[in-house]
Amino acid sequence: MNHPTEGILGVLGGMGPQATNTFYQRLIDRTQAESDQEHLRVLIWSDAKIPDRTAGILGGPQEAEAVFQHLLADAKLLEGAGCTVLAIPCNTSHYFADRLQAQLRVPIIHMIRETVAAIRAMGKQSVGVLATDGTVRTGIYQKELEAAGLTPVTLPEPLQKVVMSIIYDEIKKGETGSREKFGEIDAYLRAAGCDCAILGCTELSVYRSLHNLPPFYVDAMEVLAEQAILRCGKTLRNV
């Protein structure tokens, strides 16, 4: 039964559209609900016109500022529409999360910090980071992992290019993603002694939804979905 005290989730999406669609499906799948009325109230703004986050961050101050201002306008739109908590299913955009939060009244669920907290609770130590160049080069995951006493492991440049190819040349173009390419990455992470690896790009979360990946891979989008459900006053469905 819905009550007025239950939260309204705002989803700042479109980064990319398929990732936003996958995130909403995760919300539906993980909410303990026996009827339509027991699901979350969700306002999704899938703004596909937001400039590419990696290109913006790595391109220079003006490009980065353009991304930030676009994200801020979208976040304020959701806030003004009555959302009580915001989720941003894009890892790279969390480079701007603290700055965005400073200009909003409603809380943003910080996907990177929540994912690191979940990994720490699992008792893991050595953690692979699979993400865009923008996420990796800004060190947003590495900093949070180190602050939690964990050891981040990033990929050598040739394999980082493979990750970017899966994200941009395959998933963002509507393809399913190459198992062979992912297999190269998996072999490296395991040889490097990782206890687990973060799927730190929502396109990689889409890849996970299309291919069976083992629990070794911690999906940041899944963590975000779980936190969104809990913060809106709902119960998680066991899967």
Around [X], counting heavy atoms of other residues, nucleotides and ligands shown, do more than 12 lie under 6.0 Å from its [atom1]?
X	atom1	value
Q62	CD	no
R120	CZ	no
Y95	OH	no

I'd like to know if the side chain of [X] reaches the main chain of [Y], judged simply by a donor and an acceptor atom lying under 3.5 Å from each other, with no hydrogens or angles considered.
X	Y	result
K76	Q103	yes
R30	E226	no
T31	A33	no
R26	L224	no

So if I apply the side chain to side chain donor-acceptor pair (under 3.5 Å) rule between T92 and each of T135, T138, T202, D52, which one comes out positive? T135
Is there a chain of hydrophobic side chains (I, L, V, M, F, W, Y, each step under 4.5 Å between heavy atoms) that links [X] to [Y]?
X	Y	value
L199	M111	no
I28	I44	yes
F182	V206	yes
F68	L78	yes
L86	L72	yes

Side chain to side chain contact (heavy atoms under 4.5 Å, CB included) between Q125 and L150, worked out: CA-CA 5 Å; Q125 181 58 49; L150 307 178; 4.1 Å; yes
Apply the test salt bridge (charged side-chain N to carboxylate O under 4.0 Å, His left out) to residues E38 and K234: give CA-CA distance (whole Å), side-chain angles for both, the deciding distance (0.1 Å), then the verdict. CA-CA 8 Å; E38 292 180 359; K234 296 294 188 178; over 6 Å; no
For the residue pair [X] and [Y], what are the closest heavy atoms and their distance?
X	Y	answer
G128	C194	N-SG, 3.7 Å
C232	L40	CB-CD2, 3.6 Å
S46	P17	OG-CA, 4.2 Å
L12	A75	CD1-N, 3.8 Å
E63	A55	CB-O, 4.5 Å
A131	C201	CA-CB, 4.3 Å

Just grab all the salt bridge (charged side-chain N to carboxylate O under 4.0 Å, His left out) pairs involving residues 205-216, residues at least two apart or on different chains. R208-D219, R208-E222
Could you check if a side-chain atom of [X] sits within less than 4.5 angstrom of a side-chain atom of [Y], using non-hydrogen atoms only?
X	Y	result
L9	L27	yes
L204	M221	no
T176	I171	no
Y168	K173	no
V85	I108	no
E203	I166	no
T132	V136	no
Y141	V127	no

Determine whether L236 and Q32 satisfy the following criterion, side chain to side chain contact (heavy atoms under 4.5 Å, CB included), listing intermediate values before the conclusion. CA-CA 5 Å; L236 294 175; Q32 183 61 47; over 6 Å; no
Do [X] and [Y] have side-chain N/O donor and acceptor atoms under 3.5 Å apart?
X	Y	answer
Q69	E65	yes
Q25	D29	yes
S205	T22	no

Separation of [Y] [atom2] from [X] [atom1] (nearest 0.5 Å):
X	Y	atom1	atom2	result
L189	L130	CG	CG	5.5 Å
E184	R179	CD	CZ	15.0 Å
Q101	I109	CD	CD1	10.5 Å
K161	K181	NZ	NZ	13.0 Å
D74	D47	CG	CG	4.0 Å
S93	R53	OG	CZ	7.0 Å

Would R113 and D98 satisfy salt bridge (charged side-chain N to carboxylate O under 4.0 Å, His left out), going step by step from the backbone distance to the final call? CA-CA 11 Å; R113 289 182 190 138; D98 289 339; 2.7 Å; yes
Could you walk me through whether L100 and I88 pass side chain to side chain contact (heavy atoms under 4.5 Å, CB included), step by step? CA-CA 11 Å; L100 288 168; I88 308 175; 4.2 Å; yes
Pair E79 + R105: basic N to acidic O under 4.0 Å: yes
Might you work through the side chain to side chain contact (heavy atoms under 4.5 Å, CB included) test for I119 and C196, ending with a clear yes or no? CA-CA 8 Å; I119 290 170; C196 68; 3.9 Å; yes
